[in-house]
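Data first, discussion second: the structure below is written as structure tokens.
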Amino acid sequence: MSMAGIEISYGFAKSPFGHCFIAWIDNKICQLSFFDNDEYEMELFAEKFKGNKLIQNDRKAVDFAQQIFEKNDRLHLQLDGTEFQQKVWDALLEIPANTTTTYADIAKKIGKPKAVRAVGTAVGANPVAYLIPCHRVIRTDGTLGGYRWGLEVKKRMLDFEKGIIP
DNA sequence: TGTGGATCTTGTT
DNA sequence: AACAAGATCCACA
């Protein structure tokens, strides 16, 4: 699925986990990232969606952020990924809140029990943080594993779901 | 604890 | 077509 030529809106907003960047197509979220460098994040985004019309709309982004982090709404998503990645991301969506799974479990779930390492990479490629709860995937030995925006954020998200709001 | 091999997908060349 | 690099896991020392 190619998204070139499509009109994409985006904006910046606050979240319990720091500044975030949200992008959407036709009201469906296609990107949600956390970061500490606006310009760099914007560069990555522009590069990823070059060839599209990009429209900034912070007010709507703030709106989305409220739905996501305060009202816990499940928004519609627009994802662009390989077959394998889609399967992995679908599996992530089934992990209940305040719960964790392992990379190995996900591998089993999608019918490729040995593709653990590949699952790790696919999880890391998740374009929509938090909504696709890649923070709920940890290692079999109980340690956190990795997180694209740092383990602090991953840990904080898990605490947040437990109701622990520091 | 830590190291090495197994294993699979992806991006790059 | 080949290769290197992963948000891993398991065995074994």
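Lettering of chains follows the sequences in order, A, B, ..., and the numbering in each one begins at 1. Both backbone and side-chain heavy atoms feed into the values below; hydrogens, waters and symmetry mates do not. Because the structure is predicted, anything quoted here is derived from the model rather than measured.
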Nearest whole angstrom, please: distance from the P of B:dC8 to the CD1 of A:Ile110. 12 Å

Between CG of A:Leu92 and P of C:dA7 the distance, given in whole Å, is 14 Å

Can you measure from CG (A:Asp63) to CG (A:Asp58) and round to the nearest 0.5 angstrom? 11.5 Å

Rounding to a whole Å, what distance do you find between A:Tyr147:OH and C:dT8:P? 15 Å

Verify whether one side chain among A:Glu70 and A:Asn72 offers a donor that lies under 3.5 Å from an acceptor in the other. no

Linked, directly or transitively: A:Leu32 and A:Leu75 (ILVMFWY side chains, under 4.5 Å): yes

Between CZ of A:Phe84 and P of B:dG11 the distance, given in whole Å, is 12 Å

May I ask you to say what A:Ala118 touches in the nucleic acid, namely base, sugar-phosphate or nothing, with a heavy-atom cut-off under 4.0 Å? base

Minimum-distance nucleotide (side-chain atoms of A:Arg117 versus B:dT9, B:dA6, C:dC9): B:dA6

Are OP1 or OP2 of C:dC9 and a side-chain N or O of A:Thr140 less than 4.0 angstrom apart? yes

Separation of B:dT7 atom P from A:Lys108 atom NZ, nearest Å, is 17 Å

Can you find a side-chain donor-acceptor pair between A:Ser9 and A:Gln56 that sits under 3.5 Å? no

Side chain of A:Lys114, heavy atoms from C-beta onward: which of C:dC9, B:dT7, C:dA7 has the nearest atom to it? B:dT7

Closest nucleotide among C:dG6, B:dT9, C:dA7 to the A:Lys112 side chain: B:dT9

Please state how far atom CZ in A:Arg148 lies from atom C1' in C:dA5, giving the value in whole angstrom units. 16 Å

Euclidean distance, atom CG of residue A:Asp105 to atom C1' of C:dC9 [Å, nearest integer]: 12 Å

Scanning all shown strands, the Watson-Crick or wobble mate of C:dC10 with both distances under 3.5 Å is B:dG4

Gap between atoms CG and C1', on A:Asp141 and B:dT3 respectively (whole Å): 15 Å

Do A:Asp159 and A:Lys162 sit within salt-bridge range, that is, some charged N less than 4.0 Å from a carboxylate O? yes

Just call it for A:Arg139: base, sugar-phosphate, or nothing, with non-hydrogen atoms closer than 4.0 Å on any strand. sugar-phosphate

